Amino acid sequence: MNRLVIKGGRVVDPAQNLDGLYNVYVMSGRVASIKKAEADTSEVGSGVDIIDATGLTVIPGLIDAHAHLREPGYEYKEDIRTGTLAAAAGGFTAVMCMANTKPVNDNESITRYILNRAEGAMSRVYPVGAVSMGLKGERLTEMAELKAAGCVAFSDDGVPVANSGLMRRALEYSKVANLPVISHAEEHELVGAGVMNEGDVSTRLGLKGIPNAAEDTMVARDLSLAELTGGRLHIAHVSTRGAVELIRNAKARGVRVTAEATPHHLALTDEAVEGYDTNAKMNPPLRSKEDVDALRAGVKDGTIDCIATDHAPHSSMEKDIEFDKASNGIIGLETAFSVIYGLVENGVFTLSEAVRAMSTNPAKAFGIEGGRLSVGSPANMAIVDLGRSWTVDPRQLNSKSKNSPWLGRVLLGVVVKTVLAGNIVYSRA
Amino acid sequence: MRLKRKDLLGIAELERDELELLLSTAESFKEVSEREIKKVPTLRGRTIINLFYEASTRTRTSFEIAAKRMSADCINISVSTSSVVKGETLRDTAKNLEAMRPDCIVVRHSCSGTPAMLSRYLACPVVNAGDGAHEHPSQALLDMLTVKERLGGIDGIKISIIGDITHSRVARSNIYGFTKMGAEVTVAGPPTMLPPGIEKLGCRATTSMEDAIRGADVLMMLRIQSERQAEPLFPSVREYSRLYGLDEARLRAAKKDVLILHPGPINRGVEISPEVADGPYSLILDQVTNGVAVRMAIFYLLLGGAKEGLQEGVKA
């Protein structure tokens with residue numbers, strides 16, 4: 001039974017419309033009370049740990065709806081221990097891990113293995129089960145059993161469900177588990193051999209482009225199938241202005257859809273590929289400024305519910321090679337908060353909007369405990385110093401892989417402490 | 001005199017005075033190839049490696065002859081005979097080659113950006129001999145040299161590049177090169193072969209062959225790869241040839257003394273008819289001859305041969 005008080009910090013909790021100086025009292029891993037700092041005259045008894053958060057900001061622990069922890073099968077890229085360490089260092093107290101492991105998380109024994117490995121980890125792990133066996137797009141997984149084992153959603157992420165008939169059945173059948181189907185929306189034939197956004201930059205660099213339509217057409221299909229079936233759909237890593245508009249319209253019609261965008265799609269354009277930087281190669285690709293602007297507007301108006309990292313660790317063997325041959329994706333857990341806080345600092349989002357998209361909404365969308373600091377909630381929180389900056393140094397990253405486009409960059413907003421169930425799981429010097 | 005850079009990766013980053021230096025140096029080297037003893041001692045004791053990850057006869061031979069005429073030792077490595085098949089990464093191959101202390105590595109690769117990547121790993125100069133659909137700087141230089149010789153200059157001329165612009169590194173390098181030298185560049189091809197934003201490279205784009213031919217001083221025909229039918233970028237070679245092939249009938253709409261270039265290898269009867277390829281306006285073989293001189297100039301300006309070497313070699 002732990003007792004802890006976080007004193008004098010600015011608490012920002014969009015779930016309760018809270019933004020002010022509060023003392024947060026924690027008992028037995030949960031928030032016991034939260035009191036206005038100026039009016040709080042309670043005596044702190046002995047045996048209670050105190051975190052002095054004066055000058056710091058306290059937010060509900062971040063929840064990542066999209067990460068690849070690579071275990072089992074690709075432990076040379078990342079494992080559950082290093083992935084959750086990276087999560088804690090980034091202020092995340094919960095991580096949803098995608099099913100494209102080896103073997104694929106398409107049956108309850110793999111789900112149980114993952115959860116077993118996550119026991120005692122530095123952040124909560126919520127597995128996402130596959131939609132189809134082996135991600136092959138042929139047969140549905142046993143969704144009810146996957147849910148019973150601990151899965152919180154279904155996705156073939158990494159590859160789209162190309163077969164529209166199967167996607168229809170997945171959205172229909174997932175209702176037995178009452179969990180969302182996460183769509184990696186990409187029309188393969190339109191992607192072709194593309195390796196970056198199709199546009200001026202791909203023309204200049206002589207790299208094969210991926211048009212926005214590769215995403216737009218698939219998002220349109222999946223929204224239409226969600227409407228047909230009444231199933232719960234979540235669109236992963238939205239990257240195009242067309243997709244934002246389609247989702248906005250679908251929500252207005254009452255389609256049961258949520259969506260996410262990544263920090264890199266919100267912060268970078270395809271100009272980052274200049275110089276053939278393979279840490280700017282991802283799928284979907286970094287898009288144009290118009291797309292970035294539309295994504296930002298989507299987060300602001302709630303069309304895009306969540307900001308999720310799509311943390312995708314790859315070793316130098318997969319990244320330090322020819323651009324065409326390099327693997328897609330970048331790590332994101334340790335930089336996500338700072339990258340988004342950079343946008344807050346530039347006036348793109350308010351801090352409250354950022355926390356809503358990184359904690360409140362993912363908790364709601366996937367039924368994950370937390371996402372708020374009200375009485376009775378798990379005492380999961382990040383304590384951040386918004387006035388301090390840090391340099392992204394590959395040697396200091398907790399992730400096994402170092403594939404980040406922000407290496408060497410100075411970012412504003414430092415996660416100083418991460419608290420999980422009342423325990424300090426990360427502390428920055 | 002040397003270039004202001006370690007590597008020659010593309011024309012995009014070159015200044016006009018660097019282009020002029022390369023062209024005038026190439027002009028002075030042309031004479032070496034006309035001698036009975038075609039050799040100058042300029043790069044004696046230097047080692048140049050041709051690292052070719054993509055099939056090439058003309059370009060590789062041209063670089064090799066250029067190196068040998070300057071007395072450098074030249075080694076050719078092509079993908080089928082190297083350790084690449086054993087799964088070695090490009091970086092490892094390059095670092096191993098560098099450990100043998102070459103003075104320059106010439107690289108061709110089907111992936112755009114590979115020479116740029118190698119240049120970051122290697123201390124020695126890297127010359128791009130063609131990377132994916134990105135750039136082919138030595139080709140553009142030899143094209144510019146060929147046009148300059150015939151027309152006396154490049155400033156103010158009109159050149160049209162016709163064919164599959166999307167997949168062409170030759171087109172990109174030439175758009176940069178000719179526009180920097182003051183020419184007006186038009187690219188033409190079917191809409192499926194004109195990449196988005198190509199105008200931002202400094203050229204005009206059209207889908208009309210007539211439009212491209214009319215008023216042009218130079219027509220550059222690009223090789224059409226029949227595999228592109230499968231993608232599908234065009235329905236048939238027959239239709240492509242009818243719409244964008246250059247034959248004598250089409251040529252009647254052109255300027256009287258129009259010049260015809262082609263980077264080769266040509267598909268006779270597809271993008272260019274045999275009569276035009278072998279006709280009086282065709283400079284296709286002059287391009288090949290100039291290729292050697294241009295590559296000698298590239299080596300000279302990057303490796304900075306001994307001063308007296310050039311003086312002796314050229315004046316003797």
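Just so it is clear: chains get the letters A, B, ... in the order the sequence lines come, proteins before strands, and each one is counted from 1. Remember, it's a predicted structure, so these values are computed and weren't measured experimentally.
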What pairs with K136(A) under salt bridge (charged side-chain N to carboxylate O under 4.0 Å, His left out), at least two apart in sequence or on another chain?
-> none
Highest number of heavy-atom pairs under 4.5 Å with chain B among G199(A), G206(A), G275(A) belongs to G206(A)
Pairwise distance OG1(T89(B)) to CE(M317(A)) - rounded to 0.5 angstrom = 10.5 Å
With a 4.5 Å heavy-atom cut-off (strictly below), which parts of residues 168-194 of chain B touch chain A? List them by number.
-> R172(B), Y176(B)
Between the CD1 atom in I321(A) and the CZ atom in R91(B), the distance rounded to the nearest 0.5 Å is 12.0 Å
Quick one: pull up CZ in F323(A) and CG in D131(B) and give me the separation to the nearest 0.5 Å.
-> 13.0 Å
Which value, rounded to the nearest 0.5 Å, describes the distance between K208(A) atom NZ and T166(B) atom OG1?
-> 10.0 Å
Listed by number, the residues in residues 158-165 of chain A that come under 4.5 Å of chain B (heavy atom to heavy atom) are none
What do you reckon, is NZ of K289(A) surrounded by more than 12 foreign heavy atoms closer than 6.0 Å?
-> no
Answer yes or no: is there a donor N or O on one side and an acceptor on the other, between the side chain of T203(A) and the main chain of P196(B), under 3.5 Å?
-> yes
Close contacts, residues 108-123 of chain B versus chain A, judged by heavy atoms under 4.5 Å | H109(B), S110(B), C111(B), S112(B), G113(B), T114(B), A116(B), M117(B), R120(B), Y121(B)
Choice from D320(A), D277(A), L205(A) maximising heavy atom contacts with chain B below 4.5 Å = D320(A)
Exceeds 12 heavy-atom contacts within 6.0 angstrom, atom CD of E239(B) | no
Verify the neighbour count for atom NZ of K402(A): are there more than 12 heavy atoms of other residues, nucleotides or ligands below 6.0 Å?
-> yes
